[in-house]
Each structure stands twice: as structure tokens, then as C-alpha cells.
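Here's the structure, in C-alpha cells; my notes come after.
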Amino acid sequence: MAEKTKRNRLTPRLPRGFVDREAGDIRASEEMLAAIRRVYERYGFEPVETPFFEYTEALGKFLPDQDRPNEGVFSLQDDDEAWLSLRYDLTAPLARYVAENYERLPKPYRSYRAGWVFRNEKPGPGRFRQFMQFDADTVGTPPGPAGVAADAEICMMAADVMEALGIARGDYVIKVNNRKVLDGIMEAIGLGGEENAGRRLTVLRAIDKLDRLGIEGVRELLGEGRKDESGDFTKGAGLGTDQVATLMEFLERAFKAAADVNATVASGVAFNNEIDQAYFLQPGTGSFYDSDLCVEGHNELEGIRGLVRAAGYGMDRIQIDPSVVRGLEYYTGPVFEAQLTFEVPNEKGEPVVFGSVGGGGRYDGLVGRFRGEDTPATGFSLGVSRLASALKNLGKLGAGEETGPVVVTVMDKSRLADYQKITADLRAGLNAEGGPVVPVEMYLGGSGMKAQLKYADRRNAPCAVIAGSDEFDAGKVQVKDLLEGKRRAAAFDSHEDYKDERPGQFEVARGDLVEEVRALLARQRGAS
RNA sequence: GCGAACGUAGCUCAGUUGGUUAGAGCGUCGGAUUGUGGAUCCGAAGGUCGGUGGUUCGAGCCCACCCGUUCGUACCA
């Protein structure tokens, strides 16, 4: 019978790619969210919240086909047969919200929101099917100088967020690029037009891999393709020699400029116009750089550069970097990426750069899908979980163990009312209005004294309150300082002595209990 | 998605060429201590050996498929 029950018992199983979050994680991420929120608020952004589900077409995904309705996203069919999907980012839902409420909203509309997003894809270490993003976007700034200013503001705000989270200047960098530059070059080498969209995508993907594969790897991917060490072959863009040469010329030049910037920053110089501008090309040289798109892209980048430098943000915080590709589909202009530059040991102990924790850019077409005309928009999205693990690595998060509750032990079960009164007095007396929370609880389990103290210990309680008939008769209470007791425990090797001495424990009058515990907690805070 | 490796107690792992009842350390719980968290000693619980099917007199070990984890690669709004 018992065996049978056991056999049929369900195994508790967390679905793959999802995580349970425990007290420490939740407190840490709430702290982070509050810090990020303060920065966004300072820039005049206001919160908005949209639901987890959207109509699938609103997310910009093709309608799921019957065979694989959940490719990439989690989708289900409503009872009116319409397809719904869990949102996979916060940008597409924002575009829907803005388009739907366009007439009511002040333009430009600045908003921020934090929320869970879902992706139905292969999970891995640090990669989940549900994770949190924290976005800020400006919608409706007209093109031209105002639009460039909106982009610059997003970059500066991203930098401010990093520092608000305690990430030191130099440990992060906000990188900026412009899709128009690469698009212009690709156009110039004959990759323009609808029929080349696929190849353009392949080229962008190849460039995106530069940090991992190096310049030669990218060259292979632009041409025939590349075979990796596992023998797997990745098909390349199939470009001709001249086309590859042109792209590589641009890349090498751009990376030389980026390397110079890094070297300058490393030497402690954050402002140097000449080095800062080396990436920018002089028009009229007769090269592919004269493509209209390219020039436009460069002008926008130069505009952003000028604004952030004028505002005091140097190359150590915001950099132009031609390898930032990002968002292969909907970005239409400037793109941003927040990178952490410090190294952390991986599981093999090798140092690796932490890398990207967020990104964004200009997406002028996204709101327009609902409105029939382009609506300029620019924004930024932070990966909260990745940032959290980065901060943990820096020791900026979850450093101190949370102090547990004051535990009122129960020795005599016939006097529960008395223990409850003690608990209530402590709870009321230790928790001033608007002050920090001091948790107080009465032990609610069924075990004896020994187990109750073990429980208090495991809860990381600062102290326990003990009272039996002796104490009640005398109008006294025992207060046990668990931290002090723990510290002194090592000095005992006989349990008898340990028990007789009761290190950290003292007796107080019932009427003084709240005051005594308050003083004890203050002493502990002072000592730590 | 493709390729590879791995999967034994809550955790870290041992388990011989296929051979009887699958072990250890740590952790958990109980006792020594009916009113006191540590240390020490004693004891106990805890396993569908990832799952299903097969080969065999006999499978933790061999084979097939599935699930899961990890690594590489692709994708990443």
C-alpha cells in the first residue's frame, strides 16, 4: 500500500529553462530595480505596464503555423481562434500601447517599465525561458536634431544606470553604432534591395561574431563559410573577393579606431577629440563612404557623440563601436549596447569578459506598423538577471546575509496566550512607524526547546526569547543573544560547561523586555 | 536545430571483466541533554542506480529509443 503510493507519486519538477527565486534573489533584484527606476525617473520617464500576453501579430512574429505554433515564442489560441503569445520583449508591446493610445499620450512620450518576458528556446546556463527586462523608451521625437538628442539621452541614462548600480566607471561601457553606416556600405557593394535582404542579414551576423571569431573568422563567414572545431560547417554570405575586401577594409579601419580609443581610455584620458573622431570619415573622398546612407549614419553618430561629450560623458563611458550590430530586424538607426568590461572567472577558472547586459536602439518602424506612417522611437533594454549575477560577481549584491526574526520560543504550550502577548509587544515596540522592519515571530512548530533554538539559528535570528514557569512566576524573561552565543561557543569543548554557561543569555524583567531587545539589536548592528 | 559527453541518497562522489543485500563523506532527523542553538559520541531515515524496452541464468554496468544536464555550433526579436 505504502509502496504503491510512493510509486505513483508525482515527481516535483521545475520546467526546464525556468527558475524559482528565493528570498535573497528577490530582495536583491528589488533593490536593483529601485536603483534603476530612480535613474529613469530623474530623466522624466514615467512608468507604464502592459500585460504578458499580446496578439501574436502585434509582436511582429508571423502567425504561428499549425505544425510549430510555438517556435521561439509561447503561443496559444484564444476561443475566438485568434493567436495569443507571451511577450518576448517589452518593446513590441510598448509599440502596440503607444499606437493604440496615440492621441491621448503627450509626445514625445517617455516611459519605462520592468517586466517578465518569455522565449521558447533552448535554455542554457544564465539563459532562461522567463527573464526580466527593464526598458526605457522615448517615442515621437521628430527626426533631426531632436531625435539625435533623444538617442544621446538614452545612452547617458544607460551609463547613469550602471553607476547607480555601483558599477565603477571603467567597469562598463555604453557602445554606440549606427545601422545606416553598414547598410550604406552594403548598398555600395551591391547588396541593396529586397532580393539581398538574406545576404545582408548573414553579413550582419558575421560582423556580430567578431569578438568571438576574430577578424579571420568574420572574413570566412563573409565568403564561402567557416568550419568550426567540432567539424560543423556554417555557410557564409558567399560574397565575392572585392565585396569581402571592401567590408574588411571598413572593419579593419573601424577597429583600429576602436582600439585607439580603448588604449587612450586605458591611459586615463577620457576626452580626446582627435582619437574620438578617427572613426568618422571625411565625405567627398570618392569611396563607398559617400553613400548617402553612410553619411547620414555618420552624421547621426557624430551628433550623439557631440552631445554626450558636451554633457561630460567621456570615451570611458560612451564609445562609438562599429562591431555593435544588435537587433538584426527592427532597428533603423543608432544601436546601443551596455557592456561590462571586467573579467570574471568561468567554471573552468579562466577569466572571461562579462559582456553585454543590455541594449537598444532606434526603431522608427515599429509603432508605424499600427499607424501607417513611421513614428520615431528610441529605447534601451536592460537584462535584469544578467546584471544581477554581474553585481553578485562584483560583490555589490547580496553581500550581507539577511537578519532573521526575533524568535519567541514556546516552552509551555498551555501559556500560548502569554507568548503571543510577548511577541505582539516586541513586534509593536521594535517596529517604529516608517522605520526599518524588525521581524518578530512566535515559534509555531511542535518541537522542544532544543529544536526551537536550532530553528532560530537556521533562520539567522539575532536573538531568542525564552520563558517558562520559573520566569513567569518571577515576572522575568530570558533573552538569548544568538550571535554573541555563537561567537563564544567555540571556546567550550565540554557540552556541560556550554550548557551551564549559556553564553549570550541574560535575564530581564518582563516590563523591560522591549527596551532590552532594542538595545541588544542596536549593539549587534554596531558590532557588525 | 545539429554534434558530442555525462546522468548512482538532499549535495559531492565510489561501485572491479556483467554476479548475492548498491556504499562513503557532508547534510538531515533522533538520542546522550524530560529547559537551551555550537563541539563530541551513539543511532536512524533517506535510492523507481534519469525513464522505457531489449540482450542475458543474472544488468548500476551491455544495446536501442526517450528525458534531463553540460560543452561546441546555429538561432536570439
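Sequence lines set the chain letters: A, B, ... in the order given, protein chains first and strands last, and positions in each chain run from 1. The model shown is predicted, which means the values in this text are computed figures rather than measured ones.
If you measure from atom CZ of A/Arg13 to atom P of B/G51, you get 13 Å, rounded to the nearest angstrom. Between the CZ atom of A/Arg127 and the C1' atom of B/U73 there is a distance of 12 Å, given to the nearest Å. A/Leu366 places its CG atom 9 Å from the C1' atom of B/A77, with the value rounded to the nearest Å. Taking atom NZ of residue A/Lys499 and atom P of nucleotide B/G37, one finds them 8 Å apart after rounding to whole Å. Across the protein-nucleic acid pair, A/Asp481 atom CG and B/U36 atom C1' stand 14 Å apart, rounded to whole Å.
The side chain of A/Phe492 has B/G38 as its nearest neighbour among B/G35, B/G37, B/G38. Taking every side-chain heavy atom of A/Arg16 into account, B/G68 is the closest of B/G35, B/G68, B/C76. Nearest nucleotide to the side chain of A/Val73, out of B/A77, B/G37, B/G35: B/A77. Out of B/C76, B/G38, B/U73, the shortest distance to the side chain of A/Tyr498 is found at B/G38. Among the nucleotides B/G35, B/U36, B/A77, the one closest to any side-chain atom of A/Lys450 is B/U36.
In RNA chain B, consecutive stretches of 3 or more Watson-Crick or G-U wobble pairs with both distances under 3.5 Å are given as paired ranges: B:1-7 with B:67-73, B:10-13 with B:23-26, B:28-32 with B:40-44, B:50-54 with B:62-66.
Evaluation of A/Tyr88 against the base of B/A77 yields a stacking contact (centre distance < 5.5 Å, interplanar angle < 30°). Stacking between A/His495 and B/U33 is present: the aromatic ring centre lies within less than 5.5 angstrom of the base six-membered ring centre, and the two planes differ by under 30 degrees.
Note on A/Lys486: a base of the nucleic acid sits closer than 4.0 angstrom, heavy atoms only. When heavy atoms are screened at a 4.0 angstrom cut-off, A/Glu471 is found touching base atoms of the nucleic acid. Within the 4.0 angstrom heavy-atom criterion, base atoms lie near A/Asp493. Among the heavy atoms of the strands lying under 4.0 Å from A/Pro125 are primed sugar atoms or P, OP1, OP2 only; no base atom is included. Residue contacts shown for A/Lys209 are limited to sugar-phosphate atoms, with no base heavy atom under 4.0 Å away.
For the P atoms, the distance linking B/A77 with B/C61 amounts to 44 Å, nearest Å. As rounded to the nearest Å, B/U12 and B/G50 have P atoms that lie 14 Å from one another. Taking atom P on both B/A39 and B/C29, the two are 12 Å apart, rounded to the nearest angstrom. Across B/G27 and B/G72, the matching C1' atoms stand 35 Å from one another, rounded to whole Å. Here the separation of B/G46 from B/A5, taken at their P atoms, is 36 Å to the nearest Å. Comparing the C1' positions of B/U20 and B/C13 gives a spacing of 25 Å, expressed to the nearest Å. Distance noted for atom P between B/C26 and B/C41: 10 Å (whole Å).
Residue A/Gln452 places no side-chain atom within donor-acceptor reach of the base of B/G35, judged by atom type and a 3.5 Å distance cut-off alone. A/Lys122 contributes a side-chain N or O that forms a donor-acceptor pair with the base of B/G72 under 3.5 Å. At a cut-off of 3.5 angstrom, counting only N and O atoms as typed in the model, there is no donor on one side facing an acceptor on the other between the side-chain of A/Arg205 and the base of B/C75.
At a threshold of 4.0 Å, the pair A/Glu484-A/Arg523 does not count as salt-bridged, since none of the basic side-chain nitrogens sits closer than that to a carboxylate oxygen. Salt-bridge annotation for A/Lys486 and A/Asp457: present, with a side-chain N of the basic residue lying under 4.0 Å from a carboxylate O of the acidic one. Using a 4.0 Å cut-off between charged side-chain N and carboxylate O, A/Arg113 and A/Asp137 make a salt bridge. In summary, A/Asp425 and A/Arg510 engage in a salt bridge, as defined by a charged side-chain N under 4.0 Å from a carboxylate O.
A/Phe128 and A/Phe18 have their aromatic ring centers separated by at least 6.0 angstrom. Two rings, from A/Phe472 and A/Tyr419, have their centers less than 6.0 Å apart.
For A/Arg226 and B/G72, the shortest distance from a side-chain N or O to OP1 or OP2 is not below 4.0 Å. A/Arg458 has a side-chain polar atom (N or O) that falls below the 4.0 Å cut-off from OP1 or OP2 of B/U28. Considering only side-chain N and O atoms, A/Arg502 lies nowhere under 4.0 angstrom from the phosphate OP1 or OP2 of B/U36.
A/Arg199 CZ to A/Met186 CE: the interatomic distance, rounded to the nearest 0.5 Å, is 11.5 Å.
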For this session: Starting from the C-alpha separation in whole Å, work towards a yes-or-no answer on ring-ring contact (aromatic ring centres under 6.0 Å, His included) for A/Phe492 and A/Tyr498.
Result: CA-CA 6 Å; A/Phe492 297 88; A/Tyr498 173 68; 5.7 Å; yes

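A cation-pi geometry, defined here as NZ or CZ lying under 6.0 Å from the six-membered ring centre and within 45° of its normal, holds between A/Arg371 and A/Tyr102.
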